[in-house]
Amino acid sequence: MGEPKMVVDILTLFPEMFTGPFDASIIKRAREKGLVEINLINIRDFSRNKHRTVDDTPYGGGAGMVMAAEPLFEAMDWIRARRGEPGRVILLCPAGRPFNQEVAAELAREKHLVLICGHYEGIDERVAEHLVTDEISIGDYVLTGGELPAMVVVDAVCRLIPGVLGERASAQEESFADGLLEYPHYTRPREYRGYRVPEVLLSGHHEKIRLWRRRQSLLRTLASRPDLLARASLTGEDRKILASVLEEIKSLI
Ligand code: 4GX
């Protein structure tokens, strides 16, 4: 096995949380193929006190506990000594840059990512100030820790690494590659409980099928995510399809 395309080091207090998602399906295969190396690093292993504590009460008072800076600085020293300077050191937190496909594509170009998963009320601010290069949020809701966000980021990034997805189901063909939602998919049987597969898909007319699918993508995006449609890079053909949709609507009213 040669050099992995990407190394991801994940700093967490709960490495066991990652075993399910990272030991199944596409990510498992990517790891086995040596396309990505995912290392789960227990922050507690870098605690220097005898009870191996990693948190403490906040200066200035208040409820809850704060993750101490020292174990994270020690862990980063260890990572740097082993692998050199990482491309990005990412903290998952609600205040971060909103994660989307564009951010995933940006991260997929890196050789070495470090993800820091916080717990408790948060992390000593000196970590964000002096260790972290990027703060990322996976959405506007509050989680109990940064582990699930880290899994989301790693999953979205890994599928963009060349070779991780099959030749045919390339990352390009799927949702968000062109800023639109995907068209609907069907497989056998052609009729199930009276529910039929759209006739055009059974026709064998490849050009008709391509146009139908594109129209479905445009309609779905218009209906469910007009914000995406407004920002999508539409082709002349797309505009023609949307104009014909508009004419169809006009004929109804
Ligand atoms: N998208 N959380 C992180 C603890 C914490 C707080 C501050 C660092 C700084 C979240 C999200 C998220 C909850 C993960 C608080 N760590 N992270 N955790 N949404 O809600 O990324």
Side-chain angles (χ1 to χ4, degrees), residues 6-22 27 36 38-49 51-80 86-110 112-160 175-176 225 227-228:
M6 185 185 286
V7 174
V8 183
D9 290 325
I10 301 176
L11 295 174
T12 172
L13 289 171
F14 303 99
E16 68 279 7
M17 280 183 72
F18 294 83
T19 48
F22 288 173
I27 304 301
V36 59
I38 302 174
N39 302 308
L40 295 161
I41 300 164
N42 193 334
I43 297 165
R44 202 171 294 282
D45 292 343
F46 294 88
S47 171
R48 287 173 167 274
N49 63 61
H51 293 112
R52 302 224 302 158
T53 61
V54 289
D55 61 336
D56 209 336
T57 53
Y59 275 123
M65 299 293 271
V66 175
M67 272 172 80
E70 187 187 58
L72 287 163
F73 274 81
E74 292 289 331
M76 282 306 303
D77 285 348
W78 180 77
I79 288 170
R80 287 198 173 94
R88 314 260 190 135
V89 181
I90 298 162
L91 177 64
L92 291 312
C93 63
R97 175 181 176 196
F99 188 64
N100 60 22
Q101 195 59 30
E102 193 182 316
V103 179
E106 207 178 294
L107 299 182
R109 291 196 286 270
E110 299 287 352
H112 182 193
L113 301 176
V114 177
L115 274 59
I116 300 176
C117 306
H119 259 268
Y120 313 111
E121 308 321 304
I123 305 185
D124 188 303
E125 190 59 24
R126 289 167 289 192
V127 170
E129 280 177 347
H130 303 290
L131 286 182
V132 168
T133 63
D134 297 75
E135 296 185 16
I136 290 177
S137 165
I138 64 157
D140 293 341
Y141 34 79
V142 183
L143 300 167
T144 58
E147 283 76 14
L148 286 166
M151 291 178 218
V152 167
V153 168
V154 169
D155 190 273
V157 170
C158 279
R159 67 184 286 290
L160 298 177
S175 286
F176 293 112
R225 295 294 306 276
D227 58 311
L228 293 181

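Both ligands and their constituent atoms are indexed starting at 1 by order of listing.
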Student: Kindly give the heavy-atom pair with the smallest separation between E110 and G87, and that separation in Å.
Tutor: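 Where E110 meets G87 most closely, the heavy atoms are OE1-CA, 3.4 Å.
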Student: D56: which residues meet the salt bridge (charged side-chain N to carboxylate O under 4.0 Å, His left out) condition with it, sequence neighbours left out?
Tutor: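 In terms of salt bridge (charged side-chain N to carboxylate O under 4.0 Å, His left out), with neighbours along the sequence ignored, D56 is linked to no residue.
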Student: Tell me, please, which residues at least two apart from D124 pass salt bridge (charged side-chain N to carboxylate O under 4.0 Å, His left out).
Tutor: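 Checked D124 against salt bridge (charged side-chain N to carboxylate O under 4.0 Å, His left out); matches are R126.
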Student: Name the residue from L115, V153, V154, V8 that meets the side chain to side chain contact (heavy atoms under 4.5 Å, CB included) definition with L107.
Tutor: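 For L107, the side chain to side chain contact (heavy atoms under 4.5 Å, CB included) test succeeds with only one of L115, V153, V154, V8, which is V153.
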Student: Return the set of residues passing side chain to side chain contact (heavy atoms under 4.5 Å, CB included) with P71 (not counting sequence neighbours), or none when no residue passes.
Tutor: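 Only I43, F46, V54, A68 meet the side chain to side chain contact (heavy atoms under 4.5 Å, CB included) criterion with P71.
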Student: List of N/O pairs, ligand 1 versus protein, all under 3.5 Å?
Tutor:
residue, atom, partner, partner atom, Å
ligand 1, 1 (N), I138, N, 3.0
ligand 1, 17 (N), C93, N, 3.4
ligand 1, 19 (N), G139, O, 3.0
ligand 1, 19 (N), Y141, O, 3.0
ligand 1, 20 (O), Y141, O, 3.3
ligand 1, 20 (O), L143, N, 3.0
ligand 1, 21 (O), C93, N, 3.4

Student: So does E106 have more than 12 non-hydrogen atoms from other groups sitting under 6.0 Å from CD?
Tutor: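 For E106, atom CD is crowded (more than 12 foreign heavy atoms under 6.0 Å).
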